[in-house]
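For reference, the structure is listed below as structure tokens.
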Amino acid sequence: MEHHLLCASSSLLLLFLFSSIPITSQFPFSGSKQAYDHSNVTCIESEWHALLQLKHRLEDKSNRLSSWIREGCCSWEGISCHKTTGSVLKLDLRNVVPLYSDDYCTNCFGGQLSPSLVNLTNLQYLDLSSNDFSGIQVPAFLGLLKNLRYLNLSSARFDGEIPHHLGNLSHLRYLDLAWNSLSIKDLGWVAGLSSLEGLVLSKLNLTAAQDGLQSINMLPSLTTLDLNACELFIHPHLSHVNFTSLAFLDLSLNKFNNYRAPPWLRNLTGLHDLRLGSNSLFDSIHGLSLTYLDLSWNNLQGSIPSEIGQLINLTYLDLSHNNVHGSIPREIGQLSKLTNLLLTRNSLNGTIPTNLGQLTKLQAFDVRSNSLTGVLSEDHFAKLRELKYLDLTGNSLALNVSSSWVPPFQLQEIWMQSIIVGPRFPAWLRTQNELEVLDMRNASISGAIPSWFLSKNKSFPLGLYLSHNFLAGHIPQLQRVLSVLALNDNRFTGTIPEDLCKSENLSELDLSNNLLSGRVPLCLGNLRGLQYLILANNSLSGQIPSSLGNLWGLSYLHLNGNKFVGKLPASMQHLSNLLIFDVGDNGLKDTIPAWIGEKLSELRFLRFQSNNFHGPISDTLCQLSHLQVLNLAHNNLSGFIPRCFNNITAMMVSRVNGAYGIEVQQSLQDIKGGREVEYDVWSLLLVRSVSLSANNLVGEIPDEIMELVQLQFLNLSQNHLTGRIPKKIGNLKQLEALDLSMNALFGAIPESLSDLYSLNSLNLSHNKLSGPIPSGNQLQTLTDPSIYEGNSGLCGKPLPNSCWEHKLPTKNGPIDNDEGHSESDWSWFYAGIGPGFAAGLSGVLGILLFKKSWRYAYFKFIESACDKIWVKSTRPRRNFR
Ligand SMILES: *[C@@H]1O[C@H](CO)[C@@H](O)[C@H](O)[C@H]1NC(C)=O
Ligand SMILES: *[C@@H]1O[C@H](CO)[C@@H](O)[C@H](O)[C@H]1NC(C)=O
Ligand SMILES: *[C@@H]1O[C@H](CO)[C@@H](O)[C@H](O)[C@H]1NC(C)=O
Ligand SMILES: *[C@@H]1O[C@H](CO)[C@@H](O)[C@H](O)[C@H]1NC(C)=O
Ligand SMILES: *[C@@H]1O[C@H](CO)[C@@H](O)[C@H](O)[C@H]1NC(C)=O
Ligand SMILES: *[C@@H]1O[C@H](CO)[C@@H](O)[C@H](O)[C@H]1NC(C)=O
Ligand SMILES: *[C@@H]1O[C@H](CO)[C@@H](O)[C@H](O)[C@H]1NC(C)=O
Ligand SMILES: *[C@@H]1O[C@H](CO)[C@@H](O)[C@H](O)[C@H]1NC(C)=O
Ligand SMILES: *[C@@H]1O[C@H](CO)[C@@H](O)[C@H](O)[C@H]1NC(C)=O
Ligand SMILES: *[C@@H]1O[C@H](CO)[C@@H](O)[C@H](O)[C@H]1NC(C)=O
């Protein structure tokens with residue numbers, strides 16, 4: 001049987017994402033303490049000495065070897081002896097603290113390994129793994145420990161050349177050298193390990209030992225071979241496969257450059273577990289005996305062959321993140337042992353076969369981000385008793401089950417975003433008692449949430465995403481404790497229920513774009529875990545409760561588009577983790593508090609548009625060095641524009657630093673060359689914008705603004721600014737939109753304006769500008785005369801009066817006065833941000849299959865930050881590259 005899943009080009013962009021994942025595989029040898037544990041025999045004196053010498057040269061910060069003093073070394077920590085002779089058989093100095101815990105290396109051994117070790121002549125088991133030997137070499141004398149069966153040096157920070165002497169260990173059965181920075185020029189010595197059953201070299205750089213597999217092929221007893229992330233790019237020709245006993249093979253995260261899996265794979269008839277994820281290859285899968293097949297993150301093309309049904313022992317199939325197309329074959333229903341069917345992010349189309357419902361062992365079914373169509377019925381789930389994880393998001397599917405359906409499963413996670421689940425709230429959810437995540441965003445559900453839902457508490461919280469439906473009525477009584485509540489973009493009425501405050505661990509609350517009214521419950525200030533508080537675009541009223549100042553972990557605060565009045569509570573100065581602070585479109589009446597600049601030092605986005613902020617723009621705002629978007633438009637601010645804007649460095653550098661972009665940046669790697677819509681989203685991180693329009697600002701445009709070279713949008717219109725347009729305006733090379741209209745600017749338009757190659761929107765109308773309009777470059781494309789109108793001293797294209805004509809004496813006197821203009825339509829800029837943000841985001845939310853928390857963060861960022869809060873921009877979306 002041949003499964004042709006051909007592959008084309010290469011990309012390993014996410015290599016680094018995975019490179020931190022530790023490899024876990026089962027080795028029978030490890031942990032078999034009982035075999036040696038005879039602590040009451042007498043220790044051989046020379047071995048006692050040898051161990052003391054070993055201890056002497058080891059660094060033992062946490063005093064793990066405190067027991068290594070007394071006589072009788074057989075009872076010492078980490079030592080096991082032979083039950084009659086008393087000779088040391090086992091030396092286990094592994095650091096067992098989990099790799100990612102904070103105190104990982106507080107128990108690490110370091111220092112030197114004493115050559116006295118070779119006096120432990122009967123040693124069979126040596127484990128030095130997960131310590132920190134700070135770059136010492138693997139000692140060659142280990143090759144003298146002739147009786148070794150097990151040698152584990154993984155993750156111990158050994159460095160340098162690996163000594164060939166290890167090849168003398170002819171009794172060795174398990175060798176693990178993974179996760180060290182060893183350089184391996186030649187693997188020839190491996191051939192000497194004639195008893196070897198398990199070899200783990202993952203994360204070693206085998207660049208210079210590409211033919212190492214030839215030597216590994218000398219090992220007839222090998223059952224486990226882990227060459228994960230070894231920089232392999234060729235797979236050598238093996239004329240005859242010796243290691244036919246191989247059951248576990250991990251070649252994930254290599255870089256094979258000939259787009260094909262090694263042809264000898266098909267001779268490995270005993271293979272049970274094959275991991276080829278994240279390679280740039282594959283042509284064929286072989287071996288009916290496979291139980292575990294991971295081909296994720298490759299470039300597989302072609303379709304899933306119907307012969308897949310013959311891999312009857314398959315339990316785990318992961319083809320995620322490839323280019324597999326065609327439909328899911330009906331034969332999938334024959335894989336009766338399948339527990340995981342993971343097909344995320346391919347190009348599968350057609351319907352999901354009803355046979356799926358026959359997979360009685362299935363626990364996880366994930367087809368997120370494909371092009372599947374059709375209707376899922378009760379039959380599709382008929383026998384899925386074990387199903388816990390169901391992800392259908394990002395397909396054109398509908399779910400059609402009767403209102404009395406009792407599903408066979410108890411799901412823990414349901415991801416059905418954009419699947420048609422409605423029109424009624426799904427009654428079958430009443431049977432689901434283990435739910436931890438329910439995502440039915442944009443699922444065409446209307447009406448009220450039934451009272452039985454959320455009426456029972458559980459010991460674990462629920463993440464509930466029901467955004468973008470047609471849900472109406474009041475937000476129901478909440479007995480169930482929640483970790484996330486996203487009910488945004490529905491038609492909920494009434495007030496925010498105080499019940500919410502019982503969910504102490506709530507991290508995300510999004511009720512935006514509903515019809516909620518009344519005051520914000522004071523008790524929301526008790527939700528100390530809140531990171532996202534998004535109440536935008538309702539009819540909430542009263543003052544912003546000062547208790548919100550207790551939410552120290554808050555990163556995203558959107559209160560815009562409500563009816564809040566009064567001042568910003570001073571307690572908000574404690575929100576020092578805020579990235580986004582939007583109180584725009586309310587009735588707030590306040591000066592701009594100094595603490596915003598002084599205390600909210602992480603801010604990226606600050607939006608106060610359309611309130612009653614008055615007084616001057618404080619210099620303290622310039623302390624917000626990470627600020628990317630500053631929008632104070634449509635207030636009553638007066639005085640001069642501060643001259644310190646050049647302290648806002650985020651508007652001057654092209655790369656934004658800061659933690660909030662990290663996961664996004666990583667994902668970006670994956671998206672390059674991917675779908676455009678998805679790519680667009682990342683431009684959120686790149687925007688830089690200043691809008692101070694429609695205030696009472698006076699004075700000149702400070703030259704310092706011309707240092708914000710990454711600025712894309714600058715709107716100072718509708719103020720009383722005077723003076724000339726700074727000559728250095730030409731520095732703002734990234735500028736896409738510039739609006740200085742309706743001020744009292746005079747003088748000539750600087751020639752340098754024609755240097756702004758990205759400019760696609762300009763408005764200089766209704767000032768007192770004079771002289772010829774500069775021409776050339778991008779300015780030639782801006783041909784609408786209205787962008788210059790109301791400046792009677794201007795001449796030249798695109799205005800009708802030529803400059804020659806203009807120079808003639810005129811009767812009309814110099815220049816129009818600006819007063820009394822009709823407000824033209826500024827809506828294109830009304831959010832102060834403009835294009836690029838309005839990206840269609842709906843298709844995006846399905847792309848991450850990373851850690852769940854990233855997924856949440858990502859959804860949240862997209863949904864809250866751009867989709868609705870920022871912009872209903874009417875301008876066409878622009879594609880960032
Ligand atoms: C060691 O102790 C075990 C019981 O703990 C006992 O059965 C065994 O006989 C002892 N062996 C020697 C050599 O004393
Ligand atoms: C091994 O033990 C012998 C005597 O017991 C001693 O002379 C020798 O120095 C020891 N070797 C090492 C490397 O410690
Ligand atoms: C070596 O030790 C590490 C832990 O330090 C463990 O994860 C790994 O499975 C061990 N290797 C073998 C072959 O037992
Ligand atoms: C052990 O290996 C080294 C290097 O491969 C070799 O030079 C040496 O002769 C071997 N020693 C024994 C005792 O086999
Ligand atoms: C691997 O080693 C080669 C030299 O053998 C070196 O050029 C390459 O940069 C190394 N790769 C990594 C990822 O360290
Ligand atoms: C297979 O292994 C034997 C020794 O176990 C060796 O002599 C032979 O050369 C190996 N064959 C290949 C093709 O490597
Ligand atoms: C694989 O097996 C076939 C026959 O089963 C044999 O002809 C071929 O030489 C083998 N290939 C390798 C690389 O071992
Ligand atoms: C499936 O597994 C069973 C039991 O382990 C085994 O007897 C059978 O040969 C396997 N079938 C295939 C096609 O590998
Ligand atoms: C699925 O896509 C393929 C192209 O990859 C197309 O030929 C086929 O008609 C599509 N099938 C369905 C059911 O849409
Ligand atoms: C701007 O930065 C300079 C130096 O970094 C500093 O001395 C000055 O106080 C800052 N101005 C404001 C208003 O933050």
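Just so you know, these numbers use all the heavy atoms, side chains as well, and skip hydrogens, waters and symmetry mates. Just so you know, ligand 1 is whichever comes first in the structure, and atom 1 is the first atom listed for that ligand. Positions are given from 1 along the sequence.
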request  = Check the surroundings of atom CD1 in Ile136: do more than 12 heavy atoms from other residues, nucleotides or ligands lie under 6.0 Å from it?
outcome  = yes
query = What do the steps show when you test Asp159 against Arg157 for salt bridge (charged side-chain N to carboxylate O under 4.0 Å, His left out), and what is the final call?
reply = CA-CA 6 Å; Asp159 210 336; Arg157 287 198 58 204; over 6 Å; no
key: Residue and atom name of the nearest protein heavy atom (relative to atom 11 (N) of ligand 9), distance in Å to one decimal   = Asn349 ND2, 3.0 Å
remark   = Residue, atom and distance of the protein heavy atom nearest atom 2 (O) of ligand 7 read Asn267 ND2, 2.3 Å
query = When you measure from atom 13 (C) of ligand 7 to every protein heavy atom, which one gives the shortest distance, and what is it?
reply = Leu238 O, 3.1 Å
query = Going by atom types alone, do Gln363 and Tyr389 pair a side-chain donor with an acceptor below 3.5 Å?
reply = no
ask   = Do Asn107 and Asn95 have side-chain N/O donor and acceptor atoms under 3.5 Å apart?
value = no
task = Would you please test Leu335 and Leu341 for side chain to side chain contact (heavy atoms under 4.5 Å, CB included) and show each step?
result = CA-CA 10 Å; Leu335 304 179; Leu341 180 53; over 6 Å; no
task = Do me a favour and list the nearest non-hydrogen protein atom to atom 14 (O) of ligand 7 with residue, atom name and distance?
result = Val241 N, 2.8 Å
message = Are the side chains of Asp226 and Asp176 in contact, using a 4.5 Å heavy-atom criterion?
response = no
inquiry  = Is atom 9 (O) of ligand 5 near the protein, in the sense that some protein heavy atom lies at less than 4.0 Å from it?
reply    = no
message = Under a 4.0 angstrom heavy-atom cut-off, which atoms of ligand 7 come close to Ser239?
response = 12 (C), 13 (C), 14 (O)
task = Please work out whether any backbone atom (N, CA, C, O) or any side-chain heavy atom from C-beta onward of Glu231 is under 4.0 Å from ligand 5, and answer side chain, backbone, both or neither.
result = side chain
query = For atom 12 (C) of ligand 5, what is the nearest protein heavy atom, given as residue, atom name and distance?
reply = Asn205 ND2, 3.3 Å
query = Does some non-hydrogen atom of the protein lie less than 4.0 angstrom from atom 4 (C) of ligand 9?
reply = no
message = Once you measure the plane-to-plane angle for Tyr174 and Tyr150, does it fall in the parallel (<30°), tilted (30-60°) or perpendicular (>60°) bin?
response = tilted
